[in-house]
Amino acid sequence: MSSFEFDPKHDPENPFDFGVRPKQGGDPTEGFADRLNEAQLDAVTAGDGPALVIAGAGTGKTRVLVHRVAYLVRRGVAPSAILLLTFTRRAASEMLRRASALVDRPVDEVSGGTFHSFANTLLRRHGKVLGLPPNFTILDSADSSDIIGHIRTGLGVGGRGQRFPQRRTCQSIISAAINRNVELADVVLERWPHFAHHTEDLQRIYEGYRDFKVERGLADYDDLLLYARDLLDREVAVRDEIGRRYEHILVDEYQDTNRIQGDLVSLLGQSHHNVMVVGDDAQSIYRFRGATIDNIFDFPKLFSDSRRITLEQSYRSTQPVLDVANEILSRAEHGYEKHLFSSIEGDERPRLIACENESVQTRWIADRILELHEEGLPLGGIAVLFRSSFHAFDLELELGRREIPFVKYGGFKFMETAHVKDIVAHLRILDNPKDAVSWTRVLTLLPGIGEVTAHRIASSLDEKSPFDLSRAKAQKRAKNALTRLSDLLNRFRDTFPGPARAIEELIEYYEPLLTEKYDDHPKRRAELEHVAVLAGKHKSLRSLLDDFAIEPPNRATDKGAPALDSDGESKLILSTIHSAKGLEWDAVFVIWVVEGRFPTFQAIDREEELEEERRLIYVATTRARQELTFTYPSGSWDKMGRYLSAPSRFVSQIPADVLEPWRATSTGLGLNDEVDLSPMIIPEATGLLGHDHGIDDVEWTEESRSRLRSRRKKIDSRILGDLGNDDWTYEEEWPD
DNA sequence: ACTGGACAGCTTTTT
DNA sequence: GCTGTCCAGT
Ligand SMILES: Nc1ncnc2c1ncn2[C@@H]1O[C@H](COP(=O)(O)OP(=O)(O)OP(=O)(O)O)[C@@H](O)[C@H]1O
């Protein structure tokens, strides 16, 4: 479709305008009718002005948003004047991918990403008016906890035998206060009441931390948002300029935004009101970091001229999958209006499988994945989801053994592992010799230099030749190492060989220290080599450091590699549920659906957190198109010696004809021992091994019994291999 | 005064 | 596995 033409009158000086315009007289909704239902089309073609799309999972919210982009572009809005925002990086890239796949080339110019990356761009350009230097350094979470740690020790809080919050906890407390826009004292009282007697010290740490950052031109993740809000709030000229540049603001997953982000949206839309936000209150899973659904509910108050559009039909999941989702939500403490329905056919009932132990869970899932794959489903159409990243460790090993290629998302902080931080700290010093935090890190690596000496050296550096360490006061045994460090840094200062090469050389330098410090140094060294590869994309140190801080690699396995194998085969996805937001797969497995892990022990006695866990499993459930399976090992211990056995309360009460109870057993623990699956028969007959298997109130009907029997047969014949391919309607990646 | 080893405690999810 | 605290050794 070539519905675009070149505008000879466009301003060639404008870097955001390539002069591409929709053909006059073209229908901006061309082709939309068979891709959108009535309500969706209504939202897509809503006139200018604010709109709130609120709808359940899989009803096409993102689809609406990306079609809206196409619609606006076709109507003549410059793609660069459209700003697409969301909270998570994964959702942001999915949204941008779908948007650019949908229409012709110009959509590549649509601006967008996470709130944080947008704020960063904004502040690099305009931060100066707030006193933020344009070369401010972004602190990642480990940096800021390091600084908080220093301040914490510096203030000498806590003292002997006293229980003072650890630095990570201090960091959470501070961040919680900021993201919720409330006083530190209130947040402590509400969420950490057991530390209430330390409130004053916490306040002092907070202030010390804040001043520390201001003095040195540092910004943590929260600061990016805070500064951006201040900028747009206080600097009318900047706000006007930004308002003119971005004529349309579109926000996905709006239920996951916090107060500051909500304010940002409001400020961005202040001059033109062209704001469309989409969200689902039942999918709000970031309240733990201050997200508030009040942003959704207050949207009509914020923009009194706003339209509210709701979507009801799911186009993702089959009705049996949605039945489970509805069951989960129906038990929520505060009801949701939602009742999802679907017209997608499917008679596969989702299953809840009690596995004998973790190994059985792992092996059964691997078996089933291979089975699905043999039936013709690409591995990329399958996902295994979990509450916490470490839940997948055992499965990762097994997949490796069976040579099933996979990519894992979430919970992995490559850039925050000690050895990577060590290397990056050297780069930071080169970029900003005043970076005292990095100096301390770099210097304490050396033998005989501890925190005190490092601080002393770092604070007495010569401005003109910061890398000259010959006069640094330290123990004798440190002298050699200091010279080595000094030589290296000076050499880089004279001729910087580019980020990738610099890292190679740093690894050479660091190798002896690494070997000394870690038993697993070969593995760590290989990971450092990978950092050098990642750095290859960057020409300047600054862009590298920004990227490492704001968009660090979040895939644990095969970081940065494409989702395809060398032979073009897609890979199985392992993901935390948080990172699976907005995505979908034909077959979804949710593992460790057990009390203590999902919900987590921490959440069990806090109602708010428990409800968030419930929404989380709702999100997991609604990722599935066709096949949905919950599994849990029915007897295991966690690291702290707690016994995990009961199925998650979120699924244990669901009637058996909505969620079928099965049992997986194995004759042995060996890797090659077969795993058998059998329907869990009526409780009275089995005695239930003494556990609550959640089917006390099973409503067994003749129908559900026979369904179980027929499934049993089907499974058997699958194993025997005499059943043809199931009809998997797997669409090739199709531009939405 | 400082470093670094031994030991005990906590361990979710994201930017 | 990583962080914080305590303490012996330099
Ligand atoms: N009118 C439609 N016709 C065909 N397919 C549709 C239609 N609307 C949505 N879909 C498909 O349904 C699936 C879910 O859509 P989408 O991801 O936009 O939903 P969503 O509401 O954003 O979901 P979530 O709440 O999980 O983020 C996608 O595969 C999408 O292409």
Side-chain angles (χ1 to χ4, degrees), chain A residues 86-92 113-120 138-146 148-149 152-153 157-170 172 175 178-179 219-225 253 256-258 260-261 284-291 385-391 393 409-413 415-418 421 444 446-456 473-478 516-520 549-552 554 575-581 592 596-603 609 612-613 615-616 619-620 638-640 642:
Chain A
T86 189
F87 169 56
T88 63
R89 296 193 285 137
R90 193 101 188 272
T114 62
F115 280 92
H116 288 85
S117 67
F118 170 72
N120 180 40
I138 302 171
L139 303 172
D140 66 26
S141 150
D143 297 326
S144 73
S145 96
D146 280 352
I148 289 172
R152 182 177 175 282
T153 350
V157 288
R160 289 192 166 257
Q162 270 220 48
R163 187 171 200 74
F164 194 83
Q166 300 203 343
R167 60 204 207 152
R168 285 276 172 188
T169 313
C170 297
S172 305
S175 183
I178 290 170
N179 282 297
D220 65 18
Y221 291 139
D222 295 336
D223 293 326
L224 291 176
L225 301 180
E253 311 284 6
D256 291 330
T257 55
N258 63 22
I260 312 170
Q261 289 160 328
S284 160
I285 55 175
Y286 283 102
R287 291 191 212 184
F288 73 89
R289 47 128 343 239
L385 307 181
F386 30 85
R387 167 72 246 255
S388 311
S389 183
F390 74 91
H391 295 172
F393 286 168
Y409 290 90
F412 178 78
K413 302 204 170 77
M415 293 328 260
E416 296 186 15
T417 47
K421 293 235 73 165
T444 45
L446 308 178
I449 299 186
E451 196 152 354
V452 182
T453 314
H455 269 299
R456 198 174 45 223
K473 269 194 251 149
Q475 289 182 26
K476 230 192 278 143
R477 58 180 171 148
E516 168 77 11
K517 204 162 144 189
Y518 301 104
D519 289 345
D520 58 347
I550 222 168
E551 310 255 291
N554 64 350
S575 177
T576 58
I577 298 166
H578 284 90
S579 290
K581 199 64 172 306
W592 283 108
R597 289 222 160 155
F598 200 178
T600 61
F601 281 117
Q602 299 97 306
E609 289 184 36
E612 181 138 315
E613 302 278 307
R615 292 188 296 270
L616 201 52
V619 169
D638 69 2
K639 279 241 172 79
M640 292 162 88
R642 292 174 296 204

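Please read these numbers as outputs of a predicted model, since none were measured by experiment. Protein chains get the first letters and strands the later ones, always in sequence-line order, with residue 1 at the start of each.
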Which atom pairs link the protein and nucleotides 8-10 of chain C when you take only N or O atoms and keep those under 3.5 Å?
none

Discussion item. Rounding to an integer number of Å, can you tell me how far A:Arg89 CZ sits from B:dT13 C1'?
Written reply: 14 Å

Discussion item. Nearest whole Å is fine: how far is B:dT14 P from A:Lys581 NZ?
Written reply: 12 Å

Worksheet item: Looking at residues at least two apart in the chain, or sitting in another chain, which of them share a salt bridge (Lys or Arg N to Asp or Glu O under 4.0 Å) with A:Arg615?
Response: A:Glu612

Worksheet item: Within this structure, what is the CD-to-C1' distance between A:Glu451 and C:dG4, rounded to whole angstrom?
Response: 12 Å

Discussion item. At 4.0 Å (heavy atoms only), tell me whether A:Phe288 reaches a base, stays on the sugar-phosphate, or touches nothing.
Written reply: base

Practice prompt. Return the value, rounded to whole Å, for the distance between atom CZ of A:Arg597 and atom C1' of B:dT11.
Written response: 11 Å

Worksheet, complete the sentence: Atom NZ of A:Lys517 and atom P of C:dT3 are separated, to the nearest Å, by 10 Å

Worksheet item: Can you name the residues that form a ring-ring contact (aromatic ring centres under 6.0 Å, His included) with A:Phe598, not counting sequence neighbours?
Response: none

Discussion item. I'd like to check the side-chain contact (heavy atoms from CB on, under 4.5 Å) partners of A:Thr417; sequence neighbours left out, ordered by chain and number.
Written reply: A:His419, A:Val420

Practice prompt. Give one of base, sugar-phosphate or nothing for A:Thr453, where a contact means two heavy atoms less than 4.0 Å apart.
Written response: sugar-phosphate

Response to the item:
Quick note, A:Lys413 side chain, CB onward, closest among B:dT14, C:dG4, B:dT12 is B:dT14

Worksheet item: Is there side-chain contact between A:Asp222 and A:Ile260, with at least one heavy-atom pair below 4.5 Å?
Response: no

Practice prompt. With sequence neighbours left out, write down each residue that passes side-chain hydrogen bond (donor to acceptor under 3.5 Å, both in side chains) with A:Asp220, or none if nothing qualifies.
Written response: A:Tyr209, A:Lys213

Fill in: Nearest listed nucleotide, side chain of A:Glu613, among C:dT3, B:dT12, B:dT14
B:dT12

Discussion item. Check this one for me: any side-chain N or O of A:Thr576 less than 4.0 Å away from OP1 or OP2 of B:dT12?
Written reply: no

Worksheet item: With a 4.5 Å limit on heavy-atom distance, are the side chains of A:Phe115 and A:Thr86 in contact?
Response: no

Practice prompt. May I ask you to say what A:Glu551 touches in the nucleic acid, namely base, sugar-phosphate or nothing, with a heavy-atom cut-off under 4.0 Å?
Written response: nothing

Worksheet item: Relative to the ring of A:Tyr286, is the ring of A:Phe87 parallel (under 30°), tilted (30 to 60°) or perpendicular (over 60°)?
Response: perpendicular

Discussion item. Without decimals, in angstroms, what is the distance between A:Arg90 CZ and B:dT13 C1'?
Written reply: 14 Å

Discussion item. With nearest nucleotide decided by heavy atoms, which residue, A:Tyr221 or A:Gly450, maps closer to the 5′ end of DNA chain B?
Written reply: A:Gly450

Worksheet item: Looking for any heavy atom pair under 4.0 Å, which part of the strands does A:Glu609 touch: base, sugar-phosphate only, or nothing?
Response: base

Discussion item. With the criterion set at under 5.5 Å between ring centres and under 30 degrees between planes, would B:dT14 be stacked on A:Phe87?
Written reply: no

Item to complete: Taking atom types as modelled, find out whether A:Ser172 and A:Thr169 have a side-chain donor-acceptor pair closer than 3.5 angstrom.
Response: no

Worksheet item: Rounded to whole angstroms, how far apart are CD on A:Gln166 and C1' on B:dA8?
Response: 11 Å

Discussion item. Please pick, from B:dT3, B:dT15, B:dT13, the nucleotide with the shortest atom-to-atom distance to any side-chain atom of A:Ser141.
Written reply: B:dT15

Item to complete: Give one of base, sugar-phosphate or nothing for A:Arg152, where a contact means two heavy atoms less than 4.0 Å apart.
Response: sugar-phosphate

Worksheet item: Of all the choices, B:dT12, B:dT15, C:dT3, which nucleotide is nearest to the side chain of A:Arg167 once you look at every atom?
Response: C:dT3

Worksheet item: Looking at B:dT14, C:dT5, B:dT15, which one has an atom nearest to any side-chain atom of A:His578?
Response: B:dT14

Worksheet entry | Separation of B:dT13 C1' from A:Asn179 CG (nearest whole Å) | 14 Å

Item to complete: Pick base, sugar-phosphate or nothing for A:Gly448, based on heavy-atom distances below 4.0 Å to the nucleic acid.
Response: sugar-phosphate

Worksheet item: Looking at residues at least two apart in the chain, or sitting in another chain, which of them share a side-chain contact (heavy atoms from CB on, under 4.5 Å) with A:Phe393?
Response: A:Phe390, A:Glu396, A:Lys408

Discussion item. Students often get this wrong, so: under 4.0 angstrom with heavy atoms, is A:Ile449 touching a base, only sugar-phosphate, or nothing?
Written reply: sugar-phosphate

Worksheet item: Does the side chain of A:Ser579 get closer than 4.0 angstrom to OP1 or OP2 of B:dT13 through an N or O atom?
Response: no

Worksheet entry | Residue met sooner reading DNA chain B from 5', once A:Ile550 and A:Arg456 are mapped to nucleotides | A:Arg456

